[in-house]
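A quick write-up on the structure given underneath.
A note on names: the letters A, B, ... follow the listed sequences, proteins ahead of strands, and every chain is numbered from 1.
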Amino acid sequence: MKQLRAELLKIRSTRTTTGLLVGLIALALLFTILTCTLSPISQLLTEREQANVLSFGSVAGVFAALAGIMLFTSEYRFGTIRPTSLFNADRNRLFTAKFIAGMLSGLIFGVIGEGIVLSVGVGIFKLRGVGLVMSGANVTELIVGAVIGTALWGAIGVGIGAVVPNQVGAVISLLAWGFVVENLVFGFLPTIGRFLPVHAADAMMGSIQDKQLPGDVGVLVVVAWALTLAVVGLALLRRRDVT
Amino acid sequence: MTYVIESASLSKRYGDVLAVDDLSFNIEAGTITGFLGPNGAGKSTTLRMLLGLAKPTLGHATIFGKPYGELDEPALRVGAVLEATDFHPGRSGRDHLRMLSRAVGLPDQRADDVLELVELQEAARRRVKGYSLGMRQRLGLASALLGDPDLLVLDEPANGLDPEGVRWLRDFLRDFASRGRTVLISSHVLAEIAQTVDRVLIINHGRLITESTLEELTARVGGVVRVQSTKPDQLALALHREGIATSRPNDHTLLAQGTTRERVGDIALAEGIAIHELLTEGSSLEEVFLDLTSEVVAP
């Protein structure tokens with residue numbers, strides 16, 4: 001708990017998190033305003049079409065993962081891993097605190113990201129005379145899936161940062177995986193690709209694409225990814241010298 | 001005797017490089033010990049092993065009788081600074097200290113207290129990227145003092161400090177040790193810490209070269225003690241009886257070879273001989289240090 005308080009202060013006390021939040025808000029607003037205003041009304045009438053637009057809040061997962069990555073990599077980049085490790089010599093406790101801090105910050109990113117997309121998107125629908133056809137249950141699944149998915153992406157980011165302590169390497173790995181590798185695998189081998197974290201997290205928000213996992217299975221798959229990275233990251237953290 | 005730090009056959013190998021080689025030493029409570037050696041001698045690696053940041057390849061080290069990581073809240077007993085640059089440049093000095101305080105359950109007020117102690121309160125809320133090297137050294141020291149520790153471990157704390165900063169550090173450490181606390185301070189320049197430390201550990205190529213007080217060190221490598229007395233003949237005889245060779249540059253002066261001022265003073269006192277001058281001569285400490293560390297040691 002003490003280390004968690006320290007980690008939460010770390011997140012708040014630099015401009016990195018603010019920068020990521022500003023980036024998320026700008027991107028969510030830009031996408032939602034452009035998509036909802038420029039798309040022909042005929043393409044916004046079905047539940048699937050509306051869910052496609054309103055699920056863009058899941059982009060918060062990228063920002064949450066980046067924030068999670070920073071929790072470890074900035075410690076190595078700026079050398080603060082030394083005082084951090086001296087003040088908390090228990091690597092298990094240190095990792096757990098960062099993992100929870102990553103999830104909590106991801107939760108906030110998720111609420112903000114999906115909150116903006118949903119409120120602005122539905123507002124523009126109304127202005128254009130498009131009624132929301134998504135059921136209450138589906139909207140709830142969209143919101144809960146986006147928020148929990150983003151929180152889990154925060155945790156995944158912490159795991160990636162622990163595995164790849166080099167900041168540039170970790171960020172490039174995340175972006176290359178999320179935007180290139182996963183899409184290629186899902187495109188060519190969807191039966192495998194749907195078990196990869198980005199597509200499993202998308203599945204948590206309801207059936208947006210064909211060939212995706214059911215939402216509840218998606219949750220389990222993303223949790224499994226987060227835990228796997230955590231186990232590997234913790235093992236490396238315990239083994240690696242702090243130089 | 002219980003030692004604050006005990007290092008037993010500590011070794012660290014990185015691939016083909018043996019950075020620390022069978023290093024054993026003990027540090028007593030209430031002392032300021034200089035941990036000396038040229039760059040690359042293995043000082044930082046040794047300190048990291050003492051502090052649980054690096055695992056020894058062989059041997060072990062304890063602080064207050066336990067490995068660092070097994071101490072209950074080690075930061076409340078040991079304060080350490082390993083690099084002057086261990087700060088996020090975008091975080092304020094105060095937030096850096098608050099973050100560390102929280103990790104060990106200390107109130108935020110403690111951060112303000114140590115900032116005042118190192119005379120950095122004016123810059124507390126500024127981002128560290130605007131700090132000079134001297135200010136960063138002080139902030140590092142402040143972080144080490146957060147837990148009000150009994151032991152300070154400082155790696156090259158005088159690096160980049162101006163003479164005033166070195167003097168401030170010396171006074172600070174003297175005051176710290178005067179309250180029965182212990183300091184282990186590393187440096188690659190003996191002169192930087194010669195006026196601060198009680199004793200020295202000198203390493204080179206990862207091996208312990210010597211462990212002694214500064215005065216013993218000087219004497220061991222050819223230092224002489226100049227002594228003026230009204231009874232130089234009687235004193236010379238007494239010194240010879242103790243196996244100390246002397247020479248006589250003038251009527252009232254003796255030069256005692258390879259000994260210390262304390263030893264000559266004690267012998268003179270035992271003989272009831274008055275002494276008018278007693279000082280150590282010979283090689284400068286820096287020459288001694290360079291002489292010791294320039295010896296080629298097979299890796």
The interface call for B:Leu146 against chain A, heavy-atom contacts under 4.5 Å, is side chain

At what distance, to the nearest 0.5 angstrom, does [atom1] of [X] lie from [atom2] of [Y]?
X        : Y        : atom1 : atom2 : result
A:Asp90  : B:Glu70  : CG    : CD    : 11.0 Å
A:Glu7   : B:Arg102 : CD    : CZ    : 12.0 Å
B:Asp108 : A:Leu9   : CG    : CG    : 7.5 Å
B:Arg91  : A:Arg15  : CZ    : CZ    : 13.0 Å
B:Leu82  : A:Arg82  : CG    : CZ    : 7.0 Å
B:Arg98  : A:Arg12  : CZ    : CZ    : 7.0 Å

Count the heavy atoms of every other residue, nucleotide or ligand shown that sit under 6.0 Å from [atom1] of [X], and state whether that count exceeds 12.
X        : atom1 : result
B:Asp175 : CG    : yes
B:Arg174 : CZ    : yes
B:Gln109 : CD    : yes
A:Arg239 : CZ    : no
B:Arg13  : CZ    : yes

Bottom line for A:Arg77: the part with an atom under 4.5 Å from chain B's heavy atoms is neither

Can you see which heavy atom on [X] is nearest to which on [Y], and at what distance?
X        : Y       : result
B:Ala103 : A:Gln3  : CB-OE1, 3.3 Å
A:Leu86  : B:Ala75 : O-CB, 4.0 Å
B:Leu100 : A:Thr84 : CD2-N, 4.4 Å
B:Glu73  : A:Phe87 : OE1-O, 4.4 Å
A:Ser13  : B:Asp95 : CB-OD2, 3.6 Å
A:Ala89  : B:Gly69 : CB-CA, 3.9 Å

Given B:His96, B:Met49, B:Glu83, the one with more heavy-atom pairs under 4.5 angstrom with chain A than any other is B:Glu83

In terms of heavy-atom pairs under 4.5 Å with chain A, the winner among B:Gly90, B:Gly147, B:Ala54 is B:Ala54

Most heavy-atom pairs under 4.5 Å with chain B, out of A:Arg91, A:Arg93, A:Glu75, belong to A:Arg91

| Do A:Asp241 and B:Lys55 touch side chain to side chain, with heavy atoms closer than 4.5 Å? | yes

